[in-house]
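Down below is the structure, laid out as structure tokens.
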Number of protein chains: 2
Amino acid sequence: MTAGCNCRSVEWTENMIRTISPLRANFGRCTACAVRSLSICGALDETDLVEFERIARQVHLAPSEALFSAGQVASSVHNLTAGVARLYKLLPDGRRQVIGFALPGDFLGTMPSIRYSYSADAIKRVSACRFPVDAFKHFIEQRPHFLLRINEFASRELMLAQQQMLLLGRRTAEEKVAAFLVGWRARLAHIGDERQTVSLPMSRQDIADYLGLTIETVSRTLTRFEREKMLVIVSGGVRLLDCPRAEAMAAA
Amino acid sequence: MTAGCNCRSVEWTENMIRTISPLRANFGRCTACAVRSLSICGALDETDLVEFERIARQVHLAPSEALFSAGQVASSVHNLTAGVARLYKLLPDGRRQVIGFALPGDFLGTMPSIRYSYSADAIKRVSACRFPVDAFKHFIEQRPHFLLRINEFASRELMLAQQQMLLLGRRTAEEKVAAFLVGWRARLAHIGDERQTVSLPMSRQDIADYLGLTIETVSRTLTRFEREKMLVIVSGGVRLLDCPRAEAMAAA
DNA sequence: CGAGCACTTGATCGGGTTCAAGACCGGTGG
DNA sequence: CCACCGGTCTTGAACCCGATCAAGTGCTCG
């Protein structure tokens, strides 16, 4: 799942990346990529892959480092290969809405836009493939099959966003937290991390900002769930004891 | 703006539509379509258009009639040509979240999905082009240019959804209402309906369900805006007197 | 061992909801 | 032309869920 990254230098500046020769070898990397089948790249055959990875650059981020920020010129799209990222929007006065958490296999980049409409930064050490928009656009334009795949990803993303609107607009704090735990567990399962203990790499503040609540309400609600024997709070996550109940709260 | 619809029979039943012969001539309709340049069809040339309208069926709905409902098998995608529709999701207990309002030119249909994830029904008398998913999918697959256009529409939709998440999760009632008015005005302007009086065809309940508020709060907030001379409430809409102020409230 | 940060817990507050009338408005029939 | 009716919208009063304010706890790391 760590996408076989074996580069040695940890900190790359934007500048360094730009000046690297196209000849720098990372051939064979994509074919060994653990998340390929989960990502948009799953639609590419061996031939296309070779060309695709030629326009990619690896990016590595320590926790809290930014992949990109809202308002910047959107010069790249990204494909997460390892770690967890938080995607969020800020209001001028600092209020924050986390619009999603990105996991390995997730594609970040709404393409017709000139600037990033949200910010993304690492929660856990992140690795990602970075593609210059021009090269990326040129690449997909001659591959309808790939375009179709990207379309599917965008549609799924939109469906999740609509689901989240329902949650933000019409659910109680209790339902929000339960729905978050159930949904997050499903996403972890989807990438192969299916354990009884649900790992929560993001902070309480991140969860609160994702659910439109305060950190205190999230904390209190989790504590109450624990008192009610629905789960156990453990370091770095929760262990769900009564999934059916959680799913019922999250229902619809 | 009424998309050049000149049909005489006002009420169409689902059944009537289904039994119309494929030979029924609506050639030349697309080329005369007033919203074509605004819609996904704007990416099609004359040749493609002829073939495209061959797979389309016209649908006409009276207010409150359903275009499709959440949970139904998603057998069609739609392209709105006239009227206004509300898109919404329901919780089992009846709580409703309006996830958007569709205007002429809007494309409805998240395609890889087997069932509709939300419901859509008419607010004002709606006309739409209906495409069977199979034929539609087959059509777009050989037209990368068209696919790209659909992708752009989906991306824009996703951006709006993310904006709405910020609104639902982190804004006050006052900000929500102001942002709604400003945003709705911009959308009306985009389709050519740019007047000082913003028409609000949807009910207060629809607005409330869109903003994650109650009808009373929406009503009170509008009344207060009127007292504060920001706008005047008129039948079927509002007249914005102090746009800068409304935009400041909606800011970011 | 102590400083800093994330999280939890308690007490109080308030924005928005809920409950309950009342006003308005378009349509309908006398 | 106007009385009546049903639905939508507005307005008022009380309440409550989640926010805010304020400690307190516990964990990690130097």
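A note on names: the letters A, B, ... follow the listed sequences, proteins ahead of strands, and every chain is numbered from 1.
The nucleotide whose nearest atom lies closest to any side-chain atom of A/Thr214 is, among C/dT18, D/dT10, D/dA19, D/dA19. Side-chain atoms of A/Arg204 lie closest to C/dT8 of the nucleotides C/dT8, D/dC9, C/dT9. Listed nucleotides: D/dG18, D/dT20, C/dG16. Nearest to the side chain of A/Glu216: D/dT20.
Between the CD1 atom of A/Ile215 and the P atom of D/dC21 there is a distance of 15 Å, given to the nearest Å. In this structure, the CZ atom of A/Arg171 is 13 Å from the P atom of D/dG18, given to the nearest Å. Between the CD1 atom of B/Ile233 and the C1' atom of D/dT8 there is a distance of 13 Å, given to the nearest Å. Separating the CZ atom of A/Arg220 from the P atom of C/dC7 is a distance of 15 Å, rounded to the nearest angstrom. In this structure, B/Arg95 atom CZ and C/dT17 atom C1' are separated by 13 Å, rounded to whole Å. For the pair B/Glu174 CD and C/dG15 C1', the computed distance is 12 Å after rounding to whole Å. Distance CG (A/Leu168) to C1' (D/dC17): 17 Å, rounded to an integer number of Å. Taking atom CG of B/Leu200 as the reference point, atom P of D/dT10 lies 11 Å away to the nearest angstrom.
Using a 4.0 Å heavy-atom distance criterion, B/Thr217 is classed as a base contact. Note on A/Gly212: only backbone sugar-phosphate atoms sit closer than 4.0 angstrom, heavy atoms only; bases stay farther off. Using a 4.0 Å heavy-atom distance criterion, B/Leu222 is classed as making no nucleic acid contact. When heavy atoms are screened at a 4.0 angstrom cut-off, B/Ser203 is found touching the sugar-phosphate backbone but no base atom.
Under the 30°/60° scheme for interplanar angles, the aromatic rings of B/Tyr116 and B/Phe68 are found to lie parallel.
For A/Ser235 and D/dC27, the shortest distance from a side-chain N or O to OP1 or OP2 is not below 4.0 Å. When the side-chain nitrogen and oxygen atoms of B/Thr223 are compared with OP1 and OP2 of D/dT11, one or more of them lie within a distance under 4.0 Å.
From A/Gln97, atom CD reaches atom CZ of B/Arg171 across 11.0 Å, with rounding to the nearest 0.5 Å.
Taking 4.0 Å as the cut-off between side-chain N and carboxylate O, B/Arg220 and B/Glu216 do not count as a salt-bridged pair.
For the pair A/Lys89 (side chain) and B/Gln163 (backbone), a donor-acceptor distance under 3.5 Å is absent. A/Arg95 contributes a side-chain N or O that, together with a main-chain N or O of B/Arg170, makes up a donor-acceptor pair within less than 3.5 Å.
Comparing A/Arg170 and A/Val218 by the nucleotide of DNA chain C whose heavy atom lies nearest to each, the residue mapping closer to the 5' end is A/Val218.
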